[in-house]
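Since this is a predicted model, take the numbers as computed values, not measurements.
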Amino acid sequence: MDITGILVLVISFFLLLGIGVPVAYSIGISGILTMLVSIDSLPAFTTYAMTMASGLDSFTLLAIPFFVLAGNIMNSGGIALRLVNFAKVLVGPLPGGLAFVTVMANMLFGAISGSAAASASAIGSIMGKEMKKAGYDENFSAAVNISSATTGLSIPPSNVLIVYSLASGGASISALFLAGYLPGILTGIAIMLVAGWVAYRKKYPVGQKLPFRQALKVFAEAIPSLFMLVIVIGGIIAGIFTATEASAIAVLYALVLSFIYRQIKWKDLPEILLLSVKTTAIVLLLVATCTGLSWIMSYENIPQTVSHGLLELSHNPIIILLIINLLLLVVGMFMDMTPAILIFTPIFLPIVTQFGMDPIHFGVMMVVNLSVGLCTPPVGSVLFIGCSVAKVRIENVLKPLVPIFVAMFIVLMLVTYIPQISLWIPHVFGF
């Protein structure tokens with residue numbers, strides 16, 4: 001093994017990131033520079049271009065633009081407000097009820113839209129004002145919104161689970177979707193417990209219990225929005241359609257529902273489509289450049305080197321998984337979830353499968369782990385969005401986020417060391 005290629009890859013990548021080059025370009029440039037160390041320029045450029053193109057030649061990836069579009073339609077279609085009202089009926093009267101409402105609404109909206117950023121923006125803009133009016137601390141409210149917005153990344157349909165399926169070499173998307181339910185719900189419950197403890201200690205007000213008829217009306221209004229999960233996930237599990245076909249159905253259903261709610265007009269569609277195209281282009285460019293990077297890492301034997309290094313440290317699976325989790329937590333602080341999954345899945349997955357870890361279990365563990373990074377500085381996208389929506393300073397939000405991070409880490413450890421949390425539902429459905 002030539003250590004020169006590895007040094008060029010690592011140094012060039014972090015140097016480019018450090019001077020502000022976008023992640024996708026940093027990945028592509030560092031990959032090319034690494035190839036030039038051991039391959040002539042013409043074959044290097046040709047190989048990298050062909051690898052990028054082949055990385056995008058996947059029917060599975062077609063689900064990503066459709067789910068992105070469905071999420072953007074729902075973000076503009078009045079669905080968030082109905083889910084908030086539904087959450088108020090269920091958990092509003094509990095101590096710290098508005099914090100619970102924020103968590104549950106984020107879990108529901110994040111699951112339906114598949115986007116933590118959209119969830120933090122939509123739910124935060126609604127609940128931030130209500131919590132402030134009720135006397136909640138603005139920084140605490142923002143912390144609850146930011147952390148709970150990431151729960152929808154585990155609960156299907158989830159774009160990052162589709163990306164993991166691609167990076168892992170074909171793990172079942174249906175099994176991944178089913179495996180994400182319990183970890184996502186557990187994370188939401190953990191955040192609720194912290195929020196409830198803070199609310200009880202600071203004596204935040206309890207929400208009013210709605211009369212039965214009014215509660216029934218709110219529930220009826222939320223059913224069409226919640227039914228989307230039944231259609232998408234139920235159809236995939238029943239074998240009626242694939243995840244890609246389900247994503248197209250999600251777009252159609254979201255569009256029809258938004259028109260019924262009269263929250264979207266025909267003139268709004270061009271802007272929604274343009275936003276979806278921009279988001280999709282970013283994701284797919286990352287997929288393409290990361291595919292090329294994965295090829296050169298394999299060529300330079302980097303996964304094997306990392307595997308050998310970890311096994312030299314310990315042969316205990318518990319220790320190895322703890323080290324991998326700590327490394328991913330650090331990575332998540334500096335890198336967005338999609339490139340992190342694409343880059344580190346080919347490195348770590350062969351290691352954990354040697355210990356008999358199921359690829360589905362490992363994929364869910366990665367998503368739960370990297371979700372924490374979305375809430376942490378210096379590059380946590382959901383952290384910045386949540387603070388912007390709440391109009392609070394990032395440094396003021398970090399203190400109330402700390403106990404929530406502890407709760408999320410405990411859930412991560414449970415998901416890591418108790419495989420059935422992830423695998424029980426897939427096994428029930430025959431995966």
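Between Leu383 and Thr376 the shortest side-chain heavy-atom distance does not fall below 4.5 Å. Side-chain contact between Val163 and Ile64: present, with at least one pair of heavy atoms (C-beta onward) separated by less than 4.5 Å. Leu322 places none of its side-chain heavy atoms less than 4.5 Å from the side chain of Ile318. Contact check for Val352 versus Met365: no side-chain heavy atoms found under the 4.5 Å cut-off. Side-chain contact between Ile360 and Ser422: absent, with no pair of heavy atoms (C-beta onward) separated by less than 4.5 Å. The shortest side-chain heavy-atom distance between Asp358 and Leu423 falls under the 4.5 Å cut-off. At a threshold of 4.5 Å between non-hydrogen side-chain atoms, the residues Asn325 and Met413 count as touching. Between Phe344 and Leu327, the closest side-chain pair of non-hydrogen atoms is not below 4.5 Å.
Taking each heavy atom of Tyr164 and Ala171 in turn, the nearest pair found is CE2-CB, 4.2 Å. The heavy-atom pair separating Val411 from Pro183 by the smallest distance is CG1-O, 4.2 Å. Minimum interatomic distance between Cys375 and Leu401 (heavy atoms only, all atoms of both residues): O-CD1, 3.8 Å. The two residues Val367 and Met337 come nearest to each other via the heavy atoms O-CE, 3.7 Å. Heavy-atom minimum distance, Ile231 versus Phe241: O-CZ, 3.3 Å. For the pair Ala179 and Val364, the tightest heavy-atom approach, listed with the atom from each and the gap, is CB-CG2, 3.6 Å.
Checked by atom type and distance alone, the side chain of Thr102 pairs as donor or acceptor with a backbone atom of Leu98 at under 3.5 Å. At least one donor-acceptor pair closer than 3.5 Å links the side chain of Ser30 to the backbone N or O of Ser26.
Atom CD1 of residue Ile29 and atom CG of residue Leu293 lie 12.5 Å apart, to the nearest 0.5 angstrom. Atom CD1 in Ile351 sits 12.0 Å away from atom CE in Met357 (nearest 0.5 Å). The distance from atom CG of Leu284 to atom CE of Met52, rounded to the nearest 0.5 Å, is 11.0 Å. With rounding to the nearest 0.5 angstrom, the CG atom of Leu414 is 5.0 Å from the CD1 atom of Ile421. A distance of 12.0 Å separates OH in Tyr136 from NZ in Lys202, rounded to the nearest 0.5 Å. For the atom pair OG of Ser148 and CE of Met408, the computed distance is 9.0 Å after rounding to the nearest 0.5 Å.
Ring planes of Phe227 and Tyr253: tilted class, angle from 30 to 60°.
Around CD of Glu271, the count of heavy atoms belonging to other residues, nucleotides or ligands within 6.0 Å does not exceed 12. Atom OH of Tyr417 sits in a crowded spot, with more than 12 heavy atoms from other residues, nucleotides or ligands closer than 6.0 Å. Enclosure of atom CZ in Phe355 by more than 12 non-hydrogen atoms of other residues, nucleotides or ligands within 6.0 angstrom is indicated. In the displayed structure, Leu193 atom CG is contacted under 6.0 Å by more than 12 heavy atoms of other residues, nucleotides or ligands. For Phe140, the CZ atom is densely surrounded, since the number of other residues' heavy atoms within 6.0 Å is greater than 12.
Between the side chains of Asn139 and Asn396, no donor-acceptor pair is found at a separation under 3.5 Å.
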**Study point:** side-chain contact (heavy atoms from CB on, under 4.5 Å) evaluation trace for Val415 with Thr187
**Key:** CA-CA 10 Å; Val415 169; Thr187 304; over 6 Å; no
Practice item. Take Leu374 and Leu153 through the side-chain contact (heavy atoms from CB on, under 4.5 Å) test and state the conclusion after the steps. Key: CA-CA 11 Å; Leu374 296 176; Leu153 296 174; 3.3 Å; yes
**Study point:** side-chain contact (heavy atoms from CB on, under 4.5 Å) evaluation trace for Lys391 with Glu138
**Key:** CA-CA 9 Å; Lys391 295 181 174 61; Glu138 290 178 298; over 6 Å; no
Exercise for review: Before giving the answer on side-chain contact (heavy atoms from CB on, under 4.5 Å), spell out for Leu342 and Val287 the whole-Å C-alpha distance, their side-chain angles and the decisive distance to 0.1 Å.
Suggested key: CA-CA 7 Å; Leu342 288 166; Val287 171; 3.9 Å; yes
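Ile73 pairs in a side chain to side chain contact (heavy atoms under 4.5 Å, CB included) with only one of the listed residues (Asp268, Val256, Leu255, Leu257), which is Leu255.
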